[in-house]
Amino acid sequence: MSSGYDLHSHSTASDGALSPAELVRRAASHGVRHLALTDHDTVSGIAAARRAAGELNLELIPGVEISVTWEKKCFHVIGLGVDPACEVLNRGLAELQRLRDQRAERMAADLEKHGIDGSLEAVRDMAGDGMITRTHFARFLVARHYAPSVADAFERYLVRGKPGYVATRWAALEQALEWIREAGGIAVLAHPLRYRITASWLRRFLTAFRSAGGRGIEVVSGNSTVEQVATCADYARRYRLLGSVGSDFHDPAFPWIELGRLAPLPPGVEPVWQAL
Ligand code: AMP
Ligand code: MN
Ligand code: MN
Ligand code: MN
């Protein structure tokens, strides 16, 4: 029996393939009753998602997935239940948008040095008013036959050490948590096992996250194994964090992750929605 909650998803406001309204309709048709839209570093899709949710039996929880740099490593912190009109939050996100625009220019210049032209215009076109992400570059590289799939495009061009990779210093952890708190939201660590870090680094991060005001951790992700859920549930109990469930859905073309297809939270983990 599904909880009806999916607290992590993307739309065309960042690197999702569906518009906010299309995303909400797909969520409803997959049994989601409470959906958080959590685009990368933007809340610009929330208004349209809310309008679409209003026509269906679905609660839209306004959210955001903030890019954070802590000790030179990138983490994703989700704000759930944030007020999209909050000025402090919007000022912070505007700064991240500036960093994203700058990074896109540098990525395009690097790719050009490797003989790949035209990426900046293409990703700007694709992103429209939305945030430019590495996923846009990946789609461009696939469309131009530089890579057979988005995953390959990342491995060949877009990860550390590859031609199109540009290191970026995102928001500081304390900053991101302050923006979320000011916007009345709850900070949740996204996909704890997807960072390329050791368990001891993750434990250090969780200690810092907890003491800076972080309150939740994603225990169930879109493609979590039973073992991964158990590991994350353990972190939730040990660090006294609320448990979240979120598919991190981006694109119907990636059928291994679907909206609302999530295992239940294990016993002893308090659901984050009790605090929303
Ligand atoms: P960015 O925040 O612009 O650096 O892009 C990060 C996004 O790229 C993530 O949210 C994922 O959606 C996507 N991504 C990162 N690594 C991979 C990968 N190896 N394969 C496919 N998508 C990826
Ligand atoms: Mn993404
Ligand atoms: Mn993420
Ligand atoms: Mn995400």
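Order of listing sets the numbers, starting from 1, for every ligand and every atom in it.
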Identify every side-chain donor-acceptor pair in residues 265-276 under 3.5 Å, counting partners at least two apart or on other chains, and give the distances.
none

Write none if no such pair exists; otherwise list each N/O atom of ligand 1 with its protein N/O partner under 3.5 Å and the distance.
unit_1	atom_1	unit_2	atom_2	d
ligand 1	2 (O)	Arg100	NH2	2.9
ligand 1	3 (O)	Arg100	NH1	2.9
ligand 1	3 (O)	Arg103	NH2	2.6
ligand 1	3 (O)	Arg134	N	2.9
ligand 1	4 (O)	Arg103	NH1	2.9
ligand 1	4 (O)	Arg134	NE	2.7
ligand 1	4 (O)	Arg134	NH2	3.3
ligand 1	8 (O)	Thr135	OG1	3.3
ligand 1	10 (O)	His40	NE2	2.9
ligand 1	12 (O)	Asp15	OD2	3.1
ligand 1	12 (O)	His250	NE2	3.0

Next item on the list: Without swapping roles, check the side chain of Gln175 against the backbone of Ala172 for a donor-acceptor pair under 3.5 Å.
Entry: yes
Item checked: Donor on one side chain, acceptor on other, Asp248 and Ser221, under 3.5 Å -> no
Note to self: Is it true that Asp234 and Thr231 share a donor-acceptor pair across their side chains at a distance under 3.5 Å?
What the structure shows: no
Next item on the list: Could you grab the protein N, O or S atoms closer than 2.8 Å to the Mn ion (ligand 4) for me?
Entry: His8 NE2, His10 NE2, Glu65 OE1, Asp248 OD1
Next item on the list: Could you list all the ring-ring contact (aromatic ring centres under 6.0 Å, His included) pairs where at least one residue sits in residues 201-229, not counting sequence neighbours?
Entry: Trp70-Phe205, Phe75-Phe205, Phe205-Phe209
Note to self: With side-chain hydrogen bond (donor to acceptor under 3.5 Å, both in side chains) as the test, pick out the partner of Glu218 among His191, His8, Arg194.
What the structure shows: His8
Item checked: Arg134 side chain vs Leu158 backbone, donor-acceptor pair below 3.5 Å -> yes
Note to self: Suppose we only allow N, O or S atoms; which atom of Asp15 ends up nearest to the Mn ion (ligand 2)?
What the structure shows: OD2
Next item on the list: Could you check whether the rings of Tyr157 and Tyr146 sit parallel, tilted or perpendicular, using 30° and 60° as the cut-offs?
Entry: perpendicular
Checklist line | Step-by-step salt bridge (Lys or Arg N to Asp or Glu O under 4.0 Å) determination, Arg98 to Asp101 | finding: CA-CA 5 Å; Arg98 203 180 58 76; Asp101 290 344; over 6 Å; no
Margin query: Please report the interatomic distance OG(Ser67) to NE2(His76), rounded to the nearest 0.5 Å.
Written below: 4.5 Å
